[in-house]
Protein chains: 2
Amino acid sequence: MDRKKERLNEILQATITILSKEGAENLSMRKVAKLANLSLSNLQYYYRDKDLLMIATVKYYFESCQDEVTDAVNLLSAQSTPSTEVLLEKLLNMLLVVGKSSDKIMMFQEIWTLSSRNKELETAVEAYYKNYCLWLIGLISSFSRDPEAIVSLLVPYAEGYAIVSNVLPLNKEKIIQMMVGLILSMEK
Amino acid sequence: MDRKKERLNEILQATITILSKEGAENLSMRKVAKLANLSLSNLQYYYRDKDLLMIATVKYYFESCQDEVTDAVNLLSAQSTPSTEVLLEKLLNMLLVVGKSSDKIMMFQEIWTLSSRNKELETAVEAYYKNYCLWLIGLISSFSRDPEAIVSLLVPYAEGYAIVSNVLPLNKEKIIQMMVGLILSMEK
DNA sequence: ACCTGAACACCGTTCAAGT
DNA sequence: ACCTGAACACCGTTCAAGT
């Protein structure tokens with residue numbers, strides 16, 4: 001039974017590797033099988049078809065992302081409680097990732113697209129984001145009266161920023177400045 | 001030569017139809033050829049490979065989107081110049097589209113993902129968004145001192161909203177209220 | 001329960017050939 | 001310039017069979 005868990009992990013890791021390097025379009029059951037050292041048919045014994053493999057992979061991937069968010073949030077709150085302004089700046093610097101720079105953004109891109117065609121994936125993606133919002137609300141409630149409004153501003157903004165950051169008239173520094181100003185103005 | 005233009009349009013329309021209904025993952029050269037009434041090899045005469053077909057399709061699709069944006073903006077500015085607040089509300093209602101509701105969002109989703117793997121598509125996407133930002137700056141400059149800041153806020157927000165709208169703690173109405181308040185506060 | 005290999009219909013791309 | 005059809009390697013899925 002431990003061996004089986006290992007096998008499954010190997011398969012999901014192999015899938016993530018191919019997905020982030022080559023995209024969903026170039027991912028095949030045969031490639032995954034090869035990278036994970038199984039025969040095609042044996043891979044299909046564990047995951048009956050490609051859809052099921054994708055669903056399992058996305059869930060597995062999200063779990064690791066959850067851990068990362070938790071760590072980052074803990075790191076932020078652990079720091080010797082700076083001013084609200086400094087904390088907001090750090091948070092924004094964390095959230096506003098320039099698109100295409102990281103494997104992570106590539107993975108999310110692939111996952112979004114896949115989820116728009118698959119109901120079960122869509123549910124998994126929504127569950128992840130809802131949890132992510134809750135984390136943020138918890139963090140922000142330490143300094144704000146209306147964390148839900150701030151989260152409703154920050155989360156979509158960060159997602160969109162990853163996509164269109166390189167066409168915006170303002171650079172990242174100025175944008176963070178603006179966003180901090182806006183959020184602080186909400187508290188009055 | 002007119003006949004050729006027609007042929008190309010048929011091909012690109014067929015590609016858009018399949019792309020928005022079934023996704024890039026289920027789009028094949030053979031399906032496009034069938035829907036556009038050509039043989040596979042003849043389709044490949046017009047578009048040597050799938051990549052070139054996708055690039056041409058995205059450019060063609062963006063042109064029609066440009067026209068739509070232009071029309072919408074004209075419609076907004078034509079209306080008997082209301083207060084800044086009302087105009088902002090209308091603009092936000094236009095920009096904040098709930099994800100998965102429209103073929104358009106599905107198309108953009110597919111295009112984003114494809115463009116992250118293809119340099120030429122990426123360039124086309126950037127050109128489209130840059131132009132889109134310019135339109136918005138033009139519109140917003142009629143009532144704001146700092147249209148570039150507002151565009152840098154609105155454009156990413158609208159893109160991200162299409163993705164995560166259904167997990168946000170605030171509903172659309174409250175979000176629009178919040179965004180209008182924020183933008184108005186920028187003018188002081 | 002875990003694993004194999006052959007077979008099927010489909011895919012993108014190449015190529016030699018026709019008009 | 002426009003179009004055809006065969007061939008190639010690859011794909012997801014099914015299935016009958018082994019341990």
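Worth saying up front: this structure is predicted, and the values here are computed from it rather than measured. Chain identifiers are assigned alphabetically (A, B, ...) following the order of the sequence lines, protein sequences preceding nucleic acid strands; residue numbering begins at 1 within each chain.
- Residue pairs meeting the salt bridge (Lys or Arg N to Asp or Glu O under 4.0 Å) criterion with at least one partner in residues 28-41 of chain B, sequence neighbours excluded, are E22(B)-K31(B).
- Against DNA chain D, the stretch residues 44-55 of chain A makes heavy-atom approaches under 4.0 Å through Q44(A), D49(A), K50(A).
- Rounding to the nearest 0.5 Å places OG of S152(A) at 9.0 Å from CG of N171(B).
- Annotation: side-chain hydrogen bond (donor to acceptor under 3.5 Å, both in side chains) contacts of K104(B) (sequence neighbours excluded): E68(B).
- Of the N and O atoms on the side chains of Y60(A) and Q13(A), at least one donor lies less than 3.5 Å from an acceptor on the other residue.
- A donor-acceptor contact under 3.5 angstrom links the side chains of S144(B) and E187(B), judged on distance only.
- Inter-residue side-chain proximity for L154(A) and I140(A) is flagged as met; some heavy-atom pair is nearer than 4.5 Å.
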**OP:** Dot-bracket for DNA chain D, please, read 5' to 3', with Watson-Crick or G-U wobble pairs under 3.5 Å on both distances, ( ) within the strand, [ ] crossing, | other strand, . unpaired.
**Re:** ||.|||||...|||||.||
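- With respect to the salt-bridge test (charged N to carboxylate O, under 4.0 angstrom), the residues K50(A) and E25(B) do not qualify.
- At a threshold of 4.5 Å between non-hydrogen side-chain atoms, the residues L38(A) and R7(A) count as touching.
- Here L40(A) lies in heavy-atom contact (under 4.0 Å) with a base.
- Heavy-atom contacts of chain A under 4.0 Å fall on DNA chain D between two terminal nucleotides, which in 5' to 3' order are dC11(D) to dT14(D).
- Here I18(B) contributes atom CD1 and N26(B) contributes atom CG; the two are 10.0 Å apart, rounded to the nearest 0.5 Å.
- Donor-acceptor pairing under 3.5 Å is lacking for the side chains of N37(B) and E10(B).
- At a threshold of 4.0 Å, the pair K174(B)-E148(A) does not count as salt-bridged, since none of the basic side-chain nitrogens sits closer than that to a carboxylate oxygen.
- Taking atom C1' in both dA16(D) and dC3(C), the straight-line distance is 13 Å, to the nearest Å.
- D49(A) and Q44(A) share no donor-acceptor pair across their side chains, judged by distance under 3.5 Å alone.
- Listed by residue number, there are no residues of residues 9-28 of chain A with a heavy-atom contact under 4.0 Å to DNA chain C.
- The aromatic ring centres of Y132(B) and F62(B) sit 6.0 Å or more apart.
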